[in-house]
Trainee: 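I'd like to ask some things about the structure below.
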Amino acid sequence: MPETLEWSAYSDPMLPALERERIFARAWQYVGHLVELGEGPGYVAARVGDIPVVVTRDRDGVLRAFLNVCRHRGSVLAAGAGARETLQCPYHAWTYGLDGTLKAAPRSNREPGFDCEGISLRPASVGTWGPFLFANPDPEAVPLADILGELPELVAATGVEVEQLQHHSRAESSVEANWKLVAENFLECYHCAVAHPGFSAVVDVSPDAYELASGDTFSSQFGPVRGNGSGLDTAGEVKRSQFHFLWPNTMINIFPGRTNLSIGPLLPAGPERTDRFLDYFFGSETDTAWIDELLAFDGQVGVEDKVLVENVQRGVASGLIERGRLLPDSERLIVDFQQRLQTALG
Ligand code: FES
Ligand SMILES: [Fe+2]
């Protein structure tokens, strides 16, 4: 029977720095969507894990990503998102072009020993999939498409065309638990029948119907609609739910019913806290009553999961038990996740 990670991994104050260096510094992660950039030149500030990044698009439509850290004395540079021609640091107003080069530093003309030339934001990598923006802090990262692999085809097979999706809203939340516990909770539906009565009334979560699939860069869960299901109107193009987890921290959800997709990352915020956001997208034809129904349905699942995961955090942080055990089949996506973690952390 496989064992879990050592439970100290969920509260060890030394681990976030190691995870930043070994995992997030080279991870592709969803950071936002194209509409946030405005029509022309613009930017989106985000985090990959806990690493600040900024994605820009210049006048010519060229997308770039940088570490969102001022080269002067290290302030986080940009906040939020929008249409802009330059990025100006809130600390001493150093101003960078959307190509990352330093354009102006106040008073620098009075300082003969100072030259803006050659100062530039540190580059990172950027990629898109339909309207979705991804960044990777590593400037030499393998292309996003290599990491997505078959994922776009799997999503397209539900009938959801990502190019046609329209952003509806962003749900932001935080959980008082280590990011890995939040990920692991997403990676099994063993708890669904016990803890998500509403969800389990719509999606068939029995082990013979609910399918788990692990791949090189992402894992997937496929849940068919219950024959006599109730709780969400599942009439529509999407016949089966899909829940994907792109290593190490991006989640993609598609529910049965009308055209819908939500996507967002888990963002470590210290050893025992996780920030997250989820961007909801719908087809342009999707009626608002159904959208409200889905948001309420998914929101309820989220409320239930927050309680579960915070409970686990308190238990594993008690410090007197070394580790737990995993069900080899029902929890095999967690086994896979924990193996990846151990490989990444060495
Ligand atoms: S830290 Fe950015 S301008 Fe000083
Ligand atoms: Fe759950």
Side-chain angles (χ1 to χ4, degrees), residues 43 45 52-54 66-79 84 86-97 100-111 114-116 118-122 171 173 175-207 210 212 219-223 231-232 241-245 249 251-255 262 264 266 274 276 278 294 296-313 315 326-327 330-331 333-334 337:
Y43 77 100
V53 296
V54 59
F66 304 97
L67 295 190
N68 187 16
V69 176
C70 181
R71 300 308 298 263
H72 176 217
R73 291 207 354 255
S75 173
V76 168
L77 178 66
R84 264 197 85 109
T86 57
L87 301 175
Q88 189 174 65
C89 182
Y91 200 177
H92 313 91
W94 281 26
T95 303
Y96 299 85
T101 57
L102 182 62
K103 298 291 185 211
R107 296 194 209 172
S108 59
N109 54 353
R110 295 165 50 100
E111 308 246 0
F114 183 89
D115 190 359
C116 288
I119 299 178
S120 181
L121 297 176
R122 220 206 81 176
S173 59
V175 187
E176 298 300 324
N178 184 273
W179 71 278
K180 299 185 291 292
L181 289 181
V182 187
E184 290 165 7
N185 176 67
F186 181 87
L187 288 169
E188 50 94 355
C189 206
Y190 181 34
H191 71 276
C192 293
V194 183
H196 296 311
F199 177 81
S200 305
V202 172
V203 174
D204 189 344
V205 298
S206 63
Y210 194 88
L212 306 174
S219 64
S220 306
Q221 301 171 64
F222 304 95
L232 177 72
S241 60
Q242 292 193 354
F243 305 109
H244 303 289
F245 184 86
N249 64 334
M251 294 147 167
I252 298 161
N253 311 297
I254 300 172
F255 285 92
S262 59
L266 299 175
T274 305
R276 54 189 310 187
L278 195 60
L294 180 81
F297 177 82
D298 195 26
Q300 175 62 28
V301 176
V303 166
E304 291 162 355
D305 277 326
K306 180 176 160 72
V307 173
L308 298 173
V309 173
E310 290 181 346
N311 235 349
V312 177
Q313 181 69 44
L326 293 165
L327 267 66
S330 290
E331 295 176 310
L333 301 187
I334 298 182
F337 175 75

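By convention here, the first residue in the shown sequence is residue 1. In each ligand, atom 1 is the first atom listed, and ligand 1 is the first ligand listed. What you see is a predicted model; the values in this text were computed from it and never measured.
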Trainee: Which atoms of ligand 1 are found less than 4.0 Å from any heavy atom of Trp94?
Mentor: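 Near Trp94, meaning under 4.0 Å from one of its heavy atoms, ligand 1 has 3 (S).
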
Trainee: Does Phe245 reach the side chain of Leu333, with side-chain heavy atoms less than 4.5 Å apart?
Mentor: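 No, every pair of side-chain atoms sits at 4.5 Å or beyond.
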
Trainee: Are any N, O or S atoms from His191 nearer to the Fe ion (ligand 2) than 2.8 Å?
Mentor: yes

Trainee: Give the atoms of ligand 1, by number and element, whose distance to some non-hydrogen atom of Tyr91 is under 4.0 Å.
Mentor: 1 (S), 4 (Fe)

Trainee: For a 4.5 angstrom cut-off between non-hydrogen side-chain atoms, does Ile252 reach Gln242?
Mentor: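 No - every pair of side-chain heavy atoms lies 4.5 Å or more apart.
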
Trainee: Would you mind telling me which of Leu77, Leu102, Leu67, Val69 makes a side chain to side chain contact (heavy atoms under 4.5 Å, CB included) with Leu121?
Mentor: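 For Leu121, the side chain to side chain contact (heavy atoms under 4.5 Å, CB included) check succeeds only for Leu77.
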
Trainee: For the rings on Phe66 and Tyr96, is their centre-to-centre separation under 6.0 Å?
Mentor: no

Trainee: State the atom name: nearest N, O or S atom of His196 to the Fe ion (ligand 2).
Mentor: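 Result: NE2.
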
Trainee: Flag His72 as yes if one of its N/O/S atoms falls below 2.8 Å of atom 4 (Fe) of ligand 1, otherwise no.
Mentor: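 So His72 counts as coordinating atom 4 (Fe) of ligand 1, yes.
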
Trainee: Give the atoms of ligand 1, by number and element, whose distance to some non-hydrogen atom of Ser75 is under 4.0 Å.
Mentor: 1 (S)

Trainee: To which protein heavy atom is atom 1 (S) of ligand 1 closest, and what is the distance rounded to 0.1 Å?
Mentor: Arg73 N, 3.4 Å

Trainee: Got Glu184 and Glu331 here, is their nearest side-chain heavy-atom distance under 4.5 Å?
Mentor: no

Trainee: N/O/S of His92 less than 2.8 Å from atom 4 (Fe) of ligand 1?
Mentor: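 Within the cut-off used here (under 2.8 Å), His92 does place an N, O or S atom near atom 4 (Fe) of ligand 1.
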
Trainee: Using a strict cut-off of 4.0 Å, indicate which atoms of ligand 1 neighbour a heavy atom of Cys89.
Mentor: 1 (S), 2 (Fe), 3 (S)

Trainee: Any idea how Phe243 and Phe199 line up, ring-wise: parallel (<30°), tilted (30 to 60°), or perpendicular (>60°)?
Mentor: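 If you compare the ring of Phe243 with that of Phe199, the planes turn out tilted.
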
Trainee: For the Fe ion (ligand 2), find the closest N/O/S atom on Asp305 and give its atom name.
Mentor: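 Output for this pair reads OD1.
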
Trainee: Is any side-chain heavy atom of Gln221 closer than 4.5 Å to one of Tyr210?
Mentor: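 A side-chain contact exists here, since the closest heavy-atom pair is under 4.5 Å.
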
Trainee: Charged N to carboxylate O below 4.0 Å: is that the case for Lys306 and Glu310?
Mentor: yes

Trainee: Output the list of atoms in ligand 1 that are nearer than 4.0 Å to some heavy atom of Cys70, sorted by atom number.
Mentor: 1 (S), 2 (Fe), 3 (S)

